[in-house]
Amino acid sequence: MDRYRGNPQAIAELVKGYAVHRDVYVDQEVYELEMEHLFPNSWVYIGHDSQIPNTGDFITSKIGNQPVLASRHRDGQVYVMHNRCPHKGVKIASEPCGNTGKFFRCPYHAWSFKTDGSLLAIPLKKGYEGTGFNTDEAAKGLPRIENVKIYRGMIFARLAEQGLSFEDYFGDALSTIDNMADRSPEGELEIVSQPIRYMHTCNWKMLVDNQTDTCHPMVAHESSAGTAVSVWERAKEANPDMETPMAVQLYAPFMSPYEFYEGAGIRVWPNGHGHSGVSGSIHQDYDDVDGYLAQMVEAYGEARAREILGDVRHNTIYFPNIMVKGPVGIMRTFIPLGVDKTLVESWVFRLKGAPDKLYERALMYNRFINAPTSIVGHDDLEMYERAQEGLLSDGNEWVNLRRLWEDDEPTEATDVVNGTSERQMRNQFYAWRKFMIQNMEDTTGTPVEAAE
Amino acid sequence: MNRDDLIDFVYAEAATLDRMEWKEWLALFHKDGRYWMPLEWQQEDPILQPSLMYEDQLLLTVRVERLSGERTFSQKPKSRCHHLLQRPEVVSMGEEDGVYKMRTSFIYTETRGDLLDRYSGWVSHELVEVEGALKIQLKRIDLINFDAPFSNIQLFI
Ligand code: FES
Ligand SMILES: [Fe+2]
């Protein structure tokens, strides 16, 4: 029974602003429509160009549930293609990354493709002579994705042929990526290691919502961060000269009180982007590392260097499914695998030219907070899983997002609000609604009321 | 220490974990001991290469105390664990540096409510003698699928 397919009105009604219907998290059909509409209409992160520096280097990724691959061609350009053989659909590349040499070769019947995706050769080609093969889609090679943008090394792609331009889609939200890259004295980031991967049995949006959920750390993470603080206090009593270890510096701020988060603020941007930690955050300027500040001043001048390091934004959501933690140099991707299954990959960037200590801290942060072995991660996953199960209750079909709600809240605006607001979660759902129904054909036969 | 002492130590350490005697287990570590779970194949550096865990006594103590916390919601119900070990191989008797080295193949099982997760790999022990007792200087766990996405691992392999 199709309740939502071909019914943009029904989709729009799932989002009331101050509440969203539980079907956005638990309904299989809504999930499939996300794959068909939301992800193709959005600019989705594919990977980083530092992962594919040389000709023939490639990475594989997904846009929604569609396998894609990005490769470095001999013209120096990065091409993004559907990762499926034009013959019978076999995935051309199966590994997360690698080097394919001069061309890709399908393992099934050895059709081969240049690293820009175009068809190179087919064995026993005479079998296609005079068959009309030239007019087939297959003759073009790997289907290329035309809408690709590399921004400060980050590769984004939009599957849909029509839609918002990259600049219109992200707008001022790009300032967090800028800030993260500017923290390198050379202005460049690189990925030099694999991500930490963590499987979640919950809907991908629960993770996205959580990134700016500032009313949960002092509650859900009392068990981890709270315990870290108390163990440290005891250790310090026994040995007052001990310096606060980096580990405690990273855990302790999770226990900050509500007032701290209220004052820190949340900024929203159009199209579902936004971040916590506007005028301060649980992160510091991290300029305590020997020699780093001097490098930054040398590269940017005193004032600009201070400005870059002083912008300590907490979590920035790039809608739909990545989060960037600029001051630490971490990016998390929330990859939907099913309505109740999400793969989280947490990547650490190395700031080119910066001292190793910064990379060490980022790696440490990543394993403390984002790993399947992370006690903070355990706290969070428990909440997501309980929500995924709890939402099956018919006792109440709505998820409440009313904290600091105001009537006639704008759905496409740049705004800074109280940091405990659920505004950014609502902001994400306004964008969710927009990109879900942007070009969804109404097949119900009833006229559609314009969605906001 | 002879070979049997070393082998017995490895079995006893796993048994302490299986009995969930966390405090006793922590006491097996040298004060500067580390528990390391690499994220790369034949990884050499725990600091500038990513790891799943690289923890000292302080951090391990946080984990242990968390497990019994009243508000540790991910431990309701409590997890249990089981170590199945192959006979430990003595890699070094420490003739040169005083560090005994062992390598042991394992299958590890951890429960979470009705669920049961299983992991395989090798555990390497680096042990030193302190006042007549063996202490863990390094316990390293190399999973065969270190790069796969796991769900929670909340206890200790
Ligand atoms: S499926 Fe790729 S060559 Fe046949
Ligand atoms: Fe959290």
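Chain identifiers are assigned alphabetically (A, B, ...) following the order of the sequence lines, protein sequences preceding nucleic acid strands; residue numbering begins at 1 within each chain. On a predicted model such as this, the values are computed, not experimentally measured, just so you know.
By the side chain to side chain contact (heavy atoms under 4.5 Å, CB included) test, A:Ala362 pairs with A:Val328, A:Val348, sequence neighbours left out. Residues satisfying the ring pair (Phe, Tyr, Trp, His ring centres under 6.0 Å) test with A:Tyr45, not counting sequence neighbours, are A:Phe156. Applying the ring pair (Phe, Tyr, Trp, His ring centres under 6.0 Å) test to A:Phe349 and every residue at least two apart in sequence or in another chain returns A:His48.
Contact detail for A:Val219 and B:Phe73: the closest heavy-atom pair is O-CE1, 4.5 Å. Taking both residues in full, the closest heavy atoms of B:Leu59 and A:Ala247 are given as CD2-CB, 3.8 Å, listed atom of the first, atom of the second, then distance.
Proximity to chain B involves both the backbone and the side chain of A:Ala228, based on heavy atoms less than 4.5 angstrom apart. In this structure, chain B has heavy atoms under 4.5 Å from both the backbone and the side chain of A:Ile196. Proximity to chain A involves both the backbone and the side chain of B:Leu48, based on heavy atoms less than 4.5 angstrom apart. Contacts of B:Leu58 with chain A are made by both backbone and side-chain atoms, with heavy-atom separations under 4.5 Å. Contact annotation for A:Met364: neither backbone nor side-chain heavy atoms come within less than 4.5 Å of a heavy atom of chain B. Looking at A:Pro245, only its side chain comes within 4.5 Å of chain B, counting heavy atoms on both sides. Neither the backbone nor the side chain of A:Val344 comes within contact range of chain B; no heavy atom of the residue lies under 4.5 Å from a heavy atom of that chain.
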What donor-acceptor contacts under 3.5 Å connect chain A and chain B, backbone and side chains included?
residue	atom	partner	partner atom	Å
A:Arg197	NH1	B:Asp147	O	3.0
A:Tyr198	OH	B:Asn152	OD1	2.4
A:Met199	N	B:Phe150	O	2.8
A:Glu222	OE1	B:Arg71	NH1	2.9
A:Glu222	OE2	B:Arg71	NH1	3.4
A:Ser223	OG	B:Arg66	NE	3.0
A:Arg234	NH1	B:Glu65	OE2	3.3
A:Arg234	NH2	B:Glu65	OE1	2.7
A:Arg234	NH2	B:Glu65	OE2	2.8
A:Pro372	O	B:Ile153	N	2.9
A:Thr373	O	B:Arg63	NH1	2.9
A:Thr373	O	B:Arg63	NH2	2.7
A:Thr373	OG1	B:Leu52	O	2.9
A:His378	NE2	B:Ile153	O	3.1
A:Asp379	OD1	B:Arg66	NH2	2.8
A:Glu382	OE1	B:Arg112	NH2	3.0
A:Glu385	OE1	B:Arg112	NH1	3.1
A:Glu385	OE1	B:Arg112	NH2	2.9
A:Glu385	OE2	B:Arg112	NH1	3.4
A:Arg386	NH2	B:Phe73	O	3.2

